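Would you mind keeping the following structure in view while I ask a few things?
This is a predicted model, so every value here is computed, not measured. Just so you know, residue 1 is the first one in the sequence shown, and it goes up from there.
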Amino acid sequence: MSAAQARHLLNTVFGYPEFRGQQENIITHVASGGDALVLMPTGGGKSLCYQIPALLRDGVGVVISPLIALMQDQVDALAEVGVRAAFLNSTQTFEETVQTERRVRNGELDLVYVAPERLLTSRCLELIEQSQIALFAIDEAHCVSQWGHDFRPEYIKLSILHERFPQIPRIALTATADPQTRAEIVQRLQLEDALQFVASFDRPNIRYQIVEKNNGRKQLLDFIQGEHAGDAGIVYCLSRKKVEETAEFLNDNGVTALPYHAGMDNGTRSAHQSRFLREDGIVMVATSAFGMGIDKPDVRFVAHLDLPKSIEGYYQETGRAGRDGAAANAWMAYGLQDVVQQRRMIDESEASELFKKTQGAKLDAMLGLCETLDCRRVRLLDYFAQHSAPCGNCDTCLTPPVSFDGSVAMQKLLSTIYRTEQRFGAMHVFDVLRGIESDKVKQWRHDQLTTFAIGADRSEPEWRAILRQAIALGLVMVDHDAYSALKLTDDAKPVLRGERKIQLREYQKPLKQKCPPKTKSFVESDLSSAAQQVFDKLRDWRMATARTHNVPAYVIFHDTTLREIAQAMPTSLDALRGITGVGEKKLQTYGAEIVALIEGLA
């Protein structure tokens, strides 16, 4: 298959002038019958890497995806550009299933989306044997990893594709995979001979910001109202209860928010997801059950009110912001209780000791990202074995944290934990350190200890920050079997003996922001006032058209396409043809309406 054929489809079907990054190499390799493992960040254009080869090769492309709730939108989006697509999953009636299967057998489809559970049935495997198959695309391939945050048991069985259909090329794709997960994908899917294409994990348009948690919901509200009023965003919480309470809090304060978690009935979840995808300015408050495969390009922020379990999870979730390449924010409020809670969840898990150890290491890496004194982007990319220079666009670059030699302060904390016999929780240790004569301190005669009041020069929030860093550094652990008592680890000994120096972040008292400037889009900020008016009219037209077609607005055109139209002001179909995102099918469907709209505004 020639690169020229691939570029022709890219231009005429999808409306893009040129390939990005390694897309062209991946597409020509798979279209020629080769296997591939593709690691590409969210918004990097992974779907084209299997869609175009499926169009170039004879037969139907089979896409294995766990995203049943989104398959209809994916099929609708392909229909908009003239690609024949359908899906097979549990939401269909028997008659719909039979009809789709017939279209697969007769070669009347370019792509069919299949849930892994459905693919593994004897009925579906027989369908594949009876049909001409162009390729297998295994989307969200990180779901095969037992150590990962999105593990799906059915994915492990997908090695059957190589065993039963070795002549059909396979392409496995994911946005998130550290070296360990990457190796597991290769081994479990039998992709040892596949070419690996690893794109940069960097998302330079996303600004990473992690703040000290101090009334997290109020901080979240200030962040949204100050920087993202009226924008679409996602807020992640750890528990279902917190999701419900946070959504209610935001609505009570004028932010349109919807809850989403696995405990809700399917109808409500689907309705909320549909509103988020189809309407502008909706904030989705969700557990990690929401988001994988969400293709909404104009999500302007992702916020975390609880600490994610791993950098992979954090990267995947924050990557749902700014898929259109315009400026976006990844914001998190993080505190000591987050660390304690995550440690408890690992300790109390019924998983194997090896699994707990792995999860503990992933949490340590996440804590390291939160507590780093250096560029967050450098730390984040380093986790994925990608080296980079300071970005100048994260909070630690824009406002470098003040660091200090915390060796003496850490010795005071560790000594107090030791002197109180490692039997008490954080509040009691803080009281002893600060010389607070509480009833409990007097009861245990801890006001007689040599460490009593040795930390009176620091406030409780300061000691809380030091303790959080001590836990992140692995010097202190929380024993959940002993009423959350603080205990020293072996790594604390050289610090106590003065053999190891400790550098700490200085505690910064939270400042109340007076409505910080709203994050500006890289592209939107370039629009003149006249072009901005045209852009607004185009968005109104798009919204009305999307309602008529019953699809999300971005399926009609992305904001980036509308901005380019607003700047170019095309008054003919030929002038409109060259604009990014306008393929031949969309030109035929919408071209006359857009040209008429532009002429009416000229």
Side-chain angles (χ1 to χ4, degrees), residues 1-3 5-6 9 22-40 46-67 71 74-75 78 83-89 97 100-144 152 154-174 184-197:
M1 298 293 175
S2 72
Q5 290 174 294
L9 288 177
Q22 301 181 78
Q23 280 180 326
E24 186 171 340
N25 292 336
I26 296 166
I27 288 167
T28 53
H29 173 69
V30 176
S32 299
D35 293 336
L37 171 59
V38 175
L39 281 78
M40 193 177 286
K46 289 188 296 298
S47 57
L48 288 177
C49 294
Y50 62 79
Q51 290 169 350
I52 291 179
L55 294 174
L56 288 169
R57 292 177 61 82
D58 293 333
V60 182
V62 178
V63 184
I64 299 98
S65 168
L67 309 170
M71 286 184 184
Q74 291 168 321
V75 167
L78 286 167
V83 175
R84 302 171 302 167
F87 58 82
L88 286 168
N89 65 39
T97 297
T100 301
E101 289 173 342
R102 178 185 56 75
R103 295 177 70 194
V104 171
R105 283 192 187 90
N106 294 343
E108 297 171 5
L109 291 174
D110 301 309
L111 287 160
V112 61
Y113 287 78
V114 184
E117 302 88 345
R118 173 62 63 94
L119 178 88
L120 295 167
T121 63
S122 56
R123 180 187 179 106
C124 193
L125 291 171
E126 288 171 9
L127 173 66
I128 292 171
E129 288 177 337
Q130 297 163 4
S131 308
Q132 185 172 16
I133 304 301
L135 56 82
F136 293 117
I138 304 169
D139 203 8
E140 311 293 352
H142 65 279
C143 292
V144 79
R152 302 287 200 280
E154 304 80 18
Y155 264 66
I156 290 179
K157 300 175 185 177
L158 293 181
S159 59
I160 195 173
L161 296 176
H162 177 61
E163 295 158 4
R164 288 187 61 166
F165 311 103
Q167 76 284 4
I168 299 175
R170 294 167 300 144
I171 175 172
L173 310 101
T174 182
E184 195 171 355
I185 292 172
V186 169
Q187 183 254 322
R188 293 194 178 280
L189 297 181
Q190 298 183 23
L191 288 167
E192 288 84 359
D193 296 328
L195 285 187
Q196 294 190 25
F197 298 88

Residues at least two apart in sequence or cross-chain that pass side-chain hydrogen bond (donor to acceptor under 3.5 Å, both in side chains) with S65, listed by chain then number, are none

Could you tell me which residues satisfy side-chain contact (heavy atoms from CB on, under 4.5 Å) with P169, sequence neighbours excluded, listed by chain and number? D35, R57, L135

Where is the tightest heavy-atom contact between I64 and Y155, given as atom of each residue plus distance? O-OH, 3.8 Å

Could you check if a side-chain atom of V62 sits within less than 4.5 angstrom of a side-chain atom of V104, using non-hydrogen atoms only? no

I'd like to check T97 versus L88 (side-chain heavy atoms, cut-off strictly below 4.5 Å). Are they in contact? yes

Between E101 and R123 (salt bridge meaning N to carboxylate O under 4.0 Å), is one present in this structure? yes

Distance check, rounded to the nearest 0.5 Å: M40 atom CE versus Q22 atom CD? 6.5 Å

Among residues at least two apart in sequence or on other chains, which ones pass ring pair (Phe, Tyr, Trp, His ring centres under 6.0 Å) with Y113? none

With sequence neighbours left out, the residues meeting side-chain hydrogen bond (donor to acceptor under 3.5 Å, both in side chains) with R84 are D110

Partners meeting side-chain hydrogen bond (donor to acceptor under 3.5 Å, both in side chains) with Q167 (sequence neighbours left out): none

Taking side-chain contact (heavy atoms from CB on, under 4.5 Å) as the definition, give me every residue that meets it alongside I168, ordered by chain and number, with sequence neighbours left out. I133, F136, F165

Out of curiosity, R170 CZ to L191 CG, how far, rounded to the nearest 0.5 Å? 4.5 Å

